[in-house]
S.K.: 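Quick one: the structure is below, questions incoming.
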Amino acid sequence: MPDADTLVVVISQSGETADTLAALKFAKGLGMTKTLAICNVPESAIVRETALRFVTRAGPEIGVASTKAFTTQLAALALLTLALAKVNGRLSAQAEAEHLTQLRHLPVAVAKVVELEPEIERWAQRFANKQHALFLGRGMHYPIALEGALKLKEISYIHAEAYPAGELKHGPLALVDKDMPVISVAPNDSLLEKLKSNLQEVKARGGELYVFADAGSEIPESEGVHILHLPEHYGMLSPILHVIPLQLLSYHAALVKGTDVDKPRNLAKSVTVE
């Protein structure tokens with residue numbers, strides 16, 4: 001049953017996304033008037049329709065396949081999570097201070113990740129002649145794998161799919177061979193050992209691995225296993241750091257292929273149809 005005390009959060013890059021706007025109006029029609037928009041366009045329809053709004057202020061979005069909108073939305077959701085935890089008494093003052101320190105340090109951490117771009121560019125050279133790619137992630141990094149696959153298919157036109165790494169043997173492993181590059185997000189967290197087992201399954205079947213790992217993850221580089229170490233593990237904010245190299249990989253793969261990274265074929269900036 002609809003609950004009038006439920007917070008309805010709608011997320012949109014443009015603020016004009018038709019299906020998201022329709023869902024918002026439907027929820028309001030059920031009496032769920034406590035609404036929050038996370039959006040980059042302050043004058044958009046979704047911002048006008050919500051009671052509260054978090055404008056991400058990422059700047060004008062020129063490219064259809066926006067990347068900065070995604071990362072600022074992640075930061076906004078992290079702040080929302082902290083705010084809700086604090087209001088509900090589930091966030092100590094010390095924990096709050098630690099999280100805020102991490103957030104303030106985020107620009108420095110991101111700058112360090114961007115310094116890896118030359119190596120990412122070399123990886124992208126290998127993707128230019130590929131037809132397919134498989135992305136893997138676990139836990140909260142599975143959506144990051146989804147974003148990596150989405151960007152690759154959007155701007156380089158390479159068919160890419162993402163799966164939770166734990167579901168690898170439920171079907172996707174059948175696709176793995178020497179012509180199917182497998183890109184994995186490998187943060188140094190509690191799921192790392194399970195992920196290593198998944199990566200070993202890929203290697204055993206002749207798949208070529210490209211792994212974005214944290215420092216200290218202890219995943220050895222070998223024939224067919226390429227490792228790029230991010231400078232530090234970033235806890236709750238790790239998805240923000242891990243998504244940037246995936247976006248850069250797609251960007252450089254598109255440049256190698258000569259596709260238009262700002263205006264992918266068949267796509268529009270605002271999705272105004274359901």
S.K.: Enumerate the ring pair (Phe, Tyr, Trp, His ring centres under 6.0 Å) contacts for residues 153-188, please, sequence neighbours excluded, ordered by first and then second residue.
M.R.: His132-His159

S.K.: With sequence neighbours excluded, give me every salt bridge (Lys or Arg N to Asp or Glu O under 4.0 Å) pair touching residues 245-265.
M.R.: none

S.K.: Could I get the full list of side chain to side chain donor-acceptor pair (under 3.5 Å) partners for His99, not counting sequence neighbours?
M.R.: none

S.K.: Suppose we screen for side chain to side chain contact (heavy atoms under 4.5 Å, CB included). Which residues come up paired with Gln125, at least two apart in sequence or across chains?
M.R.: Val256

S.K.: Heavy atoms only: give me the nearest Glu147-Ser66 pair and the separation to one decimal.
M.R.: OE2-O, 4.4 Å

S.K.: Under a 3.5 Å cutoff, is there a donor and acceptor pairing between the side chains of Lys203 and Ser222?
M.R.: yes

S.K.: Can you list everything that forms a side chain to side chain contact (heavy atoms under 4.5 Å, CB included) with Leu21? Sequence neighbours excluded, please.
M.R.: Leu24, Lys25, Ala45, Ile46, Glu49

S.K.: For the ring pair His242 and Phe212, is the centre-to-centre distance below 6.0 Å?
M.R.: no

S.K.: Asn266: what forms a side chain to side chain contact (heavy atoms under 4.5 Å, CB included) with it, not counting sequence neighbours?
M.R.: none

S.K.: Tell me, with the steps shown, if Asp177 and Arg205 meet salt bridge (charged side-chain N to carboxylate O under 4.0 Å, His left out).
M.R.: CA-CA 6 Å; Asp177 61 16; Arg205 284 154 182 82; over 6 Å; no

S.K.: Can you name the side chain to side chain donor-acceptor pair (under 3.5 Å) partners of Ser184, sequence neighbours left out?
M.R.: none

S.K.: Is it the case that the side chain of Thr101 and the backbone of Ala97 share a donor-acceptor pair, with hydrogens and angles ignored and the cut-off at 3.5 Å?
M.R.: yes

S.K.: Transitive ILVMFWY cluster of Tyr142 at side-chain heavy atoms under 4.5 Å: who else is in it?
M.R.: Leu146

S.K.: List in chain and number order the residues that pass side chain to side chain contact (heavy atoms under 4.5 Å, CB included) with Ala149, two or more places apart in sequence or in another chain; answer none if no residue qualifies.
M.R.: Phe135, Ala160, Ala162

S.K.: With clusters built from Ile, Leu, Val, Met, Phe, Trp and Tyr whose side-chain heavy atoms come within less than 4.5 Å, directly or transitively, what are the remaining members of the cluster of Ile155, listed by chain and number?
M.R.: Tyr251, Leu255, Val261

S.K.: Residues two or more places apart in sequence or in another chain: which of them pass side chain to side chain donor-acceptor pair (under 3.5 Å) with Glu98?
M.R.: Gln94

S.K.: Of the options Thr50, Ile11, Val10, Leu7, which is the one that meets Leu36 in a side-chain contact (heavy atoms from CB on, under 4.5 Å)?
M.R.: Leu7

S.K.: For Glu208 and Lys178: C-alpha separation, side-chain torsions, deciding distance, then whether salt bridge (charged side-chain N to carboxylate O under 4.0 Å, His left out) applies.
M.R.: CA-CA 6 Å; Glu208 190 161 17; Lys178 62 181 178 59; over 6 Å; no

S.K.: Does any pair with a residue in residues 111-122 pass salt bridge (Lys or Arg N to Asp or Glu O under 4.0 Å), and if so which ones, sequence neighbours excluded?
M.R.: Glu119-Arg122

S.K.: Answer with yes or no whether the side chains of Asn40 and Thr56 bring together a donor and an acceptor at under 3.5 Å.
M.R.: yes

